[in-house]
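Computed from a predicted model, the values in this text were never measured in an experiment. Labels below follow one simple rule: chain letters A, B, ... track the order of the sequence lines, proteins then strands, and each chain is numbered from 1.
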Number of protein chains: 2
Amino acid sequence: MAPVNANSETSPLRGSSAAPQGGPAGISRLRVAVPSVATRVASELRLQIAEGVLPPGTKLKEEALSEELGVSRNTVREAFAELASERLVVRQPNRGVFVASLEVSDIHDVYAVRRAIEVSAVRGGGSPESVAAVRAAVEEGKRAAAAGDSEGLGTANQHFHGALVAMAGSERLNTIMSQVLAEMRLFFHRAAIDGGFYQDYLADNEQICTALEAGDAELAAERLLAYLARSEAHQTAVHTS
Amino acid sequence: MAPVNANSETSPLRGSSAAPQGGPAGISRLRVAVPSVATRVASELRLQIAEGVLPPGTKLKEEALSEELGVSRNTVREAFAELASERLVVRQPNRGVFVASLEVSDIHDVYAVRRAIEVSAVRGGGSPESVAAVRAAVEEGKRAAAAGDSEGLGTANQHFHGALVAMAGSERLNTIMSQVLAEMRLFFHRAAIDGGFYQDYLADNEQICTALEAGDAELAAERLLAYLARSEAHQTAVHTS
DNA sequence: GATTGTTGGATTGTTGAACATTTTGTTGTT
DNA sequence: AACAACAAAATGTTCAACAATCCAACAATC
């Protein structure tokens, strides 16, 4: 099912990798924290969930995954714990873990979080560099739109909102935001269908960004709130059909 | 070290517990999800961390804990994963897990989260019942103050701020807040020393609550922001001595 | 015929032991 | 004192087993 690696014998997910980092000549000075096998399994699953390979509601069986990925059942279990803490999968005791499927109520809930942290970050103003990052995300979106890259438009939009939160300079807010964005990818598949959808966003982002560059954080926050309200309404509409 | 259970033979942390839930007479209608052993281990550790039995920086050895609690090493490991996702412990690859110790920068970070979600929740206004819950927390604090219960004063304050966030009616915001509060307990031990510390809080909470009851969410948010600023300054001062 | 046991297989929860890898402390040498 | 080699301890991961739970199919009952 999951096109990870053909042979589970020498799967690159396995821990005991060969070459010690640094190559033949140079010695790696900085400590490169090699992610654990469990972490890599979690990343792999996270990717497949985000890409829709594993659609919401899919049951993830421990044994099947463990042989498919060439890792032990316990390791799969640890990966599940990581994903469960991010709400990407749901654990039903003695039943198994399932790819999270968001209800309509979850949409409102997620937007409540976004309203809280995005608006707060924007209201704070942020450093010139952080605002520049926001601008960069806006331009990224424009380029994608010009190229007709609907996919890239979506990721640019996520970069934009991530950059907004980054303005607060808070590590915790950043991780919360990235988790929320990951959750949103769960039901973006359906929403990404209609074409002119992102077009409006581009204009919104531009306006929010100019307000920030003008130093008017309050105006930017206002526009952001309006955007979020419309976005939530749109998502709700799409998912109540 | 950890006063959990004397004999690891019949430790109540073990999975195969005896009595099926519901007691002799009544039948439990709702599905009572019996927490797994790993979850219970995590709860136990969470408690000991919150109470200061395991002070910040303490190294948690897998094998020691596993025999101490009468569970397997793998189970301890799962509990660690849960606590790590809550930032209560920090995992250093190949080194072990340690009870998180917050730096001064973390204080600012935590307050950034609080500013975001508490203020957002308060600005939303909230239902009459949720405001009533806030009032209840205020009264709880008054009673604790009257009884000279410094401990109870602290928990009442946490209930107050939890109730503020609960006004938003968002499951996700609630869990974020409870995790933040758990983090704060990590460095509240030192701060709880000075006596008149909580006295000011009481007045603040009262004023925020009355503003909410009067329907003036904006005023409440303003007062809350002021409170958070002072609280952060206080905590920072205490932890830079 | 629909509801209520019963049974067996499949899956998860947990354990215990093993081994590889990394870290760390120690020892011995220069 | 600095340094390399080595031994001990702890973690990361695997594996195999068993208990507990769930589920679907089937049998039994009214």
Side-chain angles (χ1 to χ4, degrees), chain A residues 1 8-22 27-28 30-44 58-84 89-99, chain B residues 8-22 27-28 31-44 58-84 89-99:
Chain A
M1 178 188 286
S8 57
E9 239 14 51
T10 57
S11 169
L13 277 179
R14 268 223 150 93
S16 57
S17 64
Q21 60 274 26
I27 300 177
S28 71
L30 277 315
R31 179 79 71 87
V32 180
V34 178
S36 74
V37 179
T39 304
R40 271 176 286 167
V41 170
S43 299
E44 177 63 30
T58 305
K59 173 165 187 181
L60 303 178
K61 294 181 202 172
E62 300 183 347
E63 190 164 5
L65 276 177
S66 88
E67 19 184 289
E68 206 160 335
L69 300 176
V71 302
S72 117
R73 232 184 96 207
N74 279 329
T75 303
V76 173
R77 209 149 226 286
E78 284 201 31
F80 283 170
E82 192 172 329
L83 296 175
V89 302
V90 173
R91 207 162 207 155
Q92 297 191 11
N94 288 314
R95 300 258 342 253
V97 313
F98 303 81
V99 178
Chain B
S8 58
E9 242 9 53
T10 57
S11 169
L13 277 179
R14 269 223 150 96
S16 56
S17 66
Q21 62 277 23
I27 298 175
S28 71
R31 177 77 74 85
V32 181
V34 178
S36 73
V37 178
T39 304
R40 272 175 285 167
V41 170
S43 300
E44 177 63 31
T58 305
K59 173 165 187 182
L60 302 178
K61 295 181 201 170
E62 300 183 347
E63 190 164 3
L65 275 178
S66 90
E67 19 184 289
E68 206 159 336
L69 299 177
V71 301
S72 121
R73 230 183 99 208
N74 278 327
T75 303
V76 173
R77 206 150 229 282
E78 284 201 32
F80 282 170
E82 192 173 328
L83 295 175
V89 303
V90 173
R91 208 165 205 150
Q92 297 191 11
N94 289 317
R95 300 258 341 258
V97 313
F98 303 81
V99 178

Base D/dG12 to side chain B/Arg73, donor-acceptor N/O within 3.5 Å cut-off: yes
N/O donor-acceptor pair, side chain A/Arg95 with base C/dG13, under 3.5 angstrom: no
Please report, rounded to the nearest Å, how far the [atom2] atom of [N] is from the [atom1] atom of [X].
| X | N | atom1 | atom2 | value |
| --- | --- | --- | --- | --- |
| B/Arg77 | C/dG13 | CZ | P | 18 Å |
| A/Glu78 | C/dT12 | CD | C1' | 16 Å |
| B/Gln92 | C/dT23 | CD | P | 11 Å |
| B/Glu67 | C/dA17 | CD | P | 11 Å |
| B/Asn74 | D/dT14 | CG | P | 11 Å |
| A/Phe98 | D/dC22 | CZ | C1' | 11 Å |
| A/Glu63 | C/dA10 | CD | P | 11 Å |

CD/A/Gln92: more than 12 non-hydrogen atoms of other groups inside 6.0 Å: yes
Nearest to the side chain of [X], heavy atoms from C-beta on, is which of [options]?
| X | options | value |
| --- | --- | --- |
| A/Lys59 | C/dT11, C/dG13, D/dT14 | C/dT11 |
| B/Asn94 | C/dT22, D/dC15, C/dT12 | C/dT22 |
| B/Glu62 | C/dT15, D/dT11, C/dG13 | D/dT11 |
| A/Lys61 | C/dT15, D/dT11, C/dT11 | C/dT11 |
| A/Ser72 | D/dT14, D/dT13, D/dG12 | D/dT14 |

Evaluation steps, side chain to side chain contact (heavy atoms under 4.5 Å, CB included), between B/Val37 and B/Arg40: CA-CA 5 Å; B/Val37 178; B/Arg40 272 175 285 167; 3.5 Å; yes
Residue mapping more 5' on DNA chain D - nearest nucleotide basis, A/Thr75 or B/Leu60: B/Leu60
Separation between CD of A/Glu62 and OG1 of A/Thr75, rounded to the nearest 0.5 Å: 11.0 Å
Residues A/Glu78, A/Glu82; criterion side chain to side chain contact (heavy atoms under 4.5 Å, CB included); working and verdict: CA-CA 6 Å; A/Glu78 284 201 31; A/Glu82 192 172 329; over 6 Å; no
Any donor-acceptor N/O pair, A/Lys59 side chain to A/Arg95 backbone, under 3.5 Å: yes
Partner nucleotide, any strand, of D/dC6 [Watson-Crick/G-U, under 3.5 Å]: C/dG25
Under-4.0 Å side-chain N/O to phosphate OP1/OP2 contact, B/Ser36 with C/dT14: yes
